[in-house]
Structure formats: structure tokens, C-alpha cells
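I have placed the structure first, in the form of C-alpha cells, so that the comments after it can refer back to it.
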Amino acid sequence: MSNTTTPTLPPSLDLPPHLSAQKYFFVCTLTVLAWDALVLTPRSYRLGRLPKWPALKFMYYFMQFWVLADFVVTGVMFFSTTVIQDKDCVAFWPYEPICTAILMAVASAVHVMRISAIYDHVQNVRATMWGLYALQIIVTALCCGFYRSVHLEDGQGCIAGPLNNASWVGIYWLAPTLLYATSFVLASLRSIRTLETRRVSYWRLMLRDGLNLYGAILLVNLINVFFYFIMTPTGPTDPIKTIVTSMAAVLTTTMSMRIILSVRGDLTNGGTFSISSHAASSSGANTHSLSGSGNRPRGVNHTFTLGDMRDATVAVAARKEGGEWDADKSSVTPREETKAVLPIIGEDVDSGIPRARTGLGVQITVDQQVEYDDGFPTRK
């Protein structure tokens, strides 16, 4: 009777169930990251062509670079089959928690600036958001010291996890989740208040104000926190608590970048809220009429400046149903796509008040916009 030996798999293929699941999930994370980087490339290019460099624009490009530097390097070490645990992984483990803490700090700063801006920088809202932000910075900085390299077998890759799988280290993710929950609630309340001025469907309201972005960030971080505090590991080398961390960080970053791209108008000081920008423009249009004085006789040709055309466009768009959403463009709308509708101004028969004739207008397409504030163009 001959003895038969069962072939054994190398450690890189003989993975525990939770470690195998985490590797599959990390592949999904890298796929999302690659796809998102590809999709956002045109909008990133248009954003880079804008002349100013406010804080939100700088943070957008920082997150776009940093998220790649964080998870591409982490992925290389995680899937490497040649790393040695006691040498390579012990030296590498601080990289992931520290880089992720920096990434989450910048993403949270976007939320703080944006929520403060849509509330017109009210003191109590700013104090609440910045207080939660300071708490996040302190908590994540302290918790970075309580991560260690999960002691896997040689050839199974390097991964960082909580020291001794302690659940309390999950406050590393709980602190930013509190901030994202607050930003989601405040953004939703601000959007719902606009329904008193103009009724729109909740679906349209969500898309207009980017509430789906705030909600997605909150949801993925809540799931990550639940994994830290609820899931029970099978042993000290079980990485079940950190399965969702990579996806949470990547989605938080990409959704925060989209929040920046969805800002209406200028990015300075966090941008403006879509309704408030139109309210200001509409009030200005009521006091500055395109036709000038109401005593001007009929039949006289009117002279319009580009500023008059812009004011009239905003005023007409604001009066249309849903115009505050359709007319508003994000901060990266190409200038060559900008169109203005110049209404034909008539005078009311009874009061002589200038008003736009319904259904009449001239559409003007701006092919090129010249910033004359920077000086007149010169021909070489």
C-alpha cells in the first residue's frame, strides 16, 4: 500500500476566508478608483483651466493625487507574494493609517467649507463644523499609533489593523462619520427650506443640491463603523474589521471631489448656494432695467451691455419653473457652452414699466469670453 501525499497550496493562495474576502473587496476598490479617475479626467482638466486657485480647487487636486498615492502603494504591498512579515510589513504598517488620516482630513475640510458656505458662514454652523473637524484631527492622529501590521504568513501581503483587534480603535472612523452625518443633515435641511420658495420634486432637489453625494459618504462610513464595533474576529490575525476601510476612504474622497465639482459659480470661500445666488441676481434685475428709463419713447433702439444681458438672463431664468436648477451651472461648465437669452423689452401700456415680452427673445451664443480685467488682448 503506497502512501499518497496531499498537495499543499503556497501561503499566497492558501488564504483564510476573511483575508480572501478582503483581497477581493480591495480589487473592487481599486476598480472604482481607476474608473472614477478616468471619468473625472475631463472635468478635472476644465477645472484646472480656471484662472483662480481657491482652497476647494487645491483640495480637489490634492485628493485626486493623494488617493492614488495611498491605495496604489497599499495595494502593491497587500498583493505582493514576496514580502516578509517580520521585515517588510513591520516597517510598512504606519503608511496606510497615516495616509488615510490625511486623506480623510482633506475630504472633511471640503464638507466644513461647503456647509459653512451654503449657510452664508453663520457663526453657529461654522463653529459646529470646525469643532467636529478638530475632533476628527485629534482622534485620527492618536489612533494612528494603535494600528499594527496584521501578522499574516509570508507571501500573504502586508495589511494594517487595530492593535490586538481592539474595537475601540474604530473611533478612528467614528469621528469623521459624525462630521459627515452632521453635514448630511445640515445640507438636507438647507435644501428642504428652499421648497418654501419654489416647489420641486424631492428627486430633483436631491440631484440639484448633491444630497446623494452627502448620503453616499455617510452610508459607506456607517457601514465601516459597524464592521469595527460589531464584527467579531476569529483570532488576532483575522482582518475582518478592516474589510470596508479601503472602500470607505475611496468613496469618501471621490464623492467629496464631486461635491466640489457641483458647486455653482466661483469656488472662493466654499462657493454659494444655488437658490441664494439667483435671489441676489433677481433682486438686482428688479432695480436695473435693461430698457433704462421708463419714460423713454417707443421705437427707440436700445443699447445693451454684456452685463445687462447677463442680468436679464438670470432674471428670466429665475422666473421659469425650475429655472434655479436648470440655469445654474457647476464651477467647471465650459464657457463655450454658455448661452444667454436676451428678452425683447417693451413697456406696459398703463404704467410704462419696462417688462419682457412673453415668448420673444434673442438667443446669443458666446463663442469666446475675454477677461478684459486682465487687460485688452493684443495682436502679435
Side-chain angles (χ1 to χ4, degrees), residues 18-19 21-26 28-29 32-33 63 67 70-71 74 78 93-94 96-112 114-115 128-148 150 159-188 211-259:
H18 291 164
L19 179 60
Q22 183 160 4
K23 285 183 177 288
Y24 279 114
F25 208 70
F26 201 94
C28 296
T29 301
V32 171
L33 181 59
M63 288 189 294
V67 69
D70 184 358
F71 288 100
T74 301
F78 188 30
W93 74 261
E96 182 181 357
I98 292 176
C99 288
T100 304
I102 296 174
L103 185 65
M104 299 296 288
V106 178
S108 298
V110 173
H111 287 249
V112 173
R114 186 61 189 143
I115 296 300
T128 300
M129 296 302 297
W130 283 111
L132 291 173
Y133 184 73
L135 177 65
Q136 173 186 334
I137 297 299
I138 295 173
V139 170
T140 52
L142 293 176
C143 287
C144 284
F146 292 92
Y147 276 84
R148 291 294 185 273
V150 178
I159 184 174
L163 180 63
N164 298 324
N165 266 331
S167 297
W168 69 267
V169 184
I171 61 176
Y172 176 99
W173 291 98
L174 179 61
T177 303
L178 291 176
L179 188 147
Y180 300 141
T182 304
S183 65
F184 174 72
V185 171
L186 291 177
S188 300
L211 300 182
N212 55 325
L213 304 177
Y214 294 97
I217 292 173
L218 175 59
L219 178 62
V220 71
N221 280 276
L222 282 176
I223 295 174
N224 189 29
V225 170
F226 289 155
F227 265 79
Y228 262 87
F229 288 99
I230 296 178
M231 292 298 179
T232 302
T234 58
T237 61
D238 187 2
I240 189 172
K241 290 183 178 295
T242 59
I243 285 181
V244 193
T245 55
S246 58
M247 184 65 77
V250 168
L251 286 182
T252 299
T253 303
T254 57
M255 295 298 108
S256 298
M257 292 168 63
R258 280 176 164 82
I259 289 176

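Values in this document were obtained by computation on a predicted structure and should not be read as measured data. Numbering of residues begins at 1 and proceeds along the displayed sequence.
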For A105, enumerate each residue passing the side-chain contact (heavy atoms from CB on, under 4.5 Å) test, keeping only those at least two apart in sequence or located in another chain. Y133, I137
Between G161 and T242 the two heavy atoms that sit nearest each other are CA-CG2, 4.1 Å
Walk me through it: do N165 and I240 pass the test side chain to side chain contact (heavy atoms under 4.5 Å, CB included)? CA-CA 9 Å; N165 266 331; I240 189 172; over 6 Å; no
Among residues at least two apart in sequence or on other chains, which ones pass side-chain hydrogen bond (donor to acceptor under 3.5 Å, both in side chains) with E96? none
d(M104 CE, M63 CE) to nearest 0.5 Å is 11.0 Å
T29: side-chain hydrogen bond (donor to acceptor under 3.5 Å, both in side chains) partners, not counting sequence neighbours: S246
Side chain to side chain, T252 and N221, heavy atoms closer than 4.5 Å: yes
Heavy atoms of S256 and V110 approach each other most closely as O-CG1, 4.0 Å
In Å and rounded to the nearest 0.5 Å, what is the CD1 to SG distance from I138 to C143? 11.5 Å
I need the L222 CG to I217 CD1 distance, nearest 0.5 Å. 12.0 Å
From CG (L251) to CG (L33), nearest 0.5 Å: 10.0 Å
Checking F25 now: which residues fulfil ring pair (Phe, Tyr, Trp, His ring centres under 6.0 Å) with it, not counting sequence neighbours? none
Set of residues satisfying side-chain contact (heavy atoms from CB on, under 4.5 Å) with respect to R258, sequence neighbours excluded: D36, V39, L40, L213, T254, M255
Check residues 224-234 and write down every donor-acceptor pair under 3.5 Å in which the side-chain atom is one partner and the other belongs to a residue at least two apart or another chain.
unit_1 : atom_1 : unit_2 : atom_2 : d
Y228   : OH     : Y147   : OH     : 2.8
T234   : OG1    : D238   : OD2    : 3.1

So F71 and L103, side chain to side chain contact (heavy atoms under 4.5 Å, CB included) or not? Walk me through it. CA-CA 11 Å; F71 288 100; L103 185 65; 4.0 Å; yes
Can you list the residues that meet the side-chain contact (heavy atoms from CB on, under 4.5 Å) rule with A21, with sequence neighbours excluded? none
Across all chains, not counting sequence neighbours, the ring pair (Phe, Tyr, Trp, His ring centres under 6.0 Å) partners of Y214 are H111
Euclidean distance, Y180 OH relative to L218 CG, rounded to 0.5 Å: 10.5 Å
Under a 3.5 Å distance rule, please check whether Q22 uses its side chain to pair with a backbone N or O of I159 as donor and acceptor. no
Within-4.5 Å side-chain heavy-atom neighbours: F78 and L19: yes
To the nearest 0.5 Å, tell me how far R114 CZ sits from I259 CD1. 9.0 Å
With S188 via side-chain hydrogen bond (donor to acceptor under 3.5 Å, both in side chains) - residues at least two apart: none
What pairs with L186 under side-chain contact (heavy atoms from CB on, under 4.5 Å), at least two apart in sequence or on another chain? I115, Y119, V125, M129, T182
Run the side-chain donor-acceptor check on residues 171-178: report pairs under 3.5 Å with partners two or more places apart or on a different chain.
unit_1 : atom_1 : unit_2 : atom_2 : d
Y172   : OH     : P97    : O      : 2.6
Y172   : OH     : A101   : N      : 3.1
T177   : OG1    : W173   : O      : 2.6

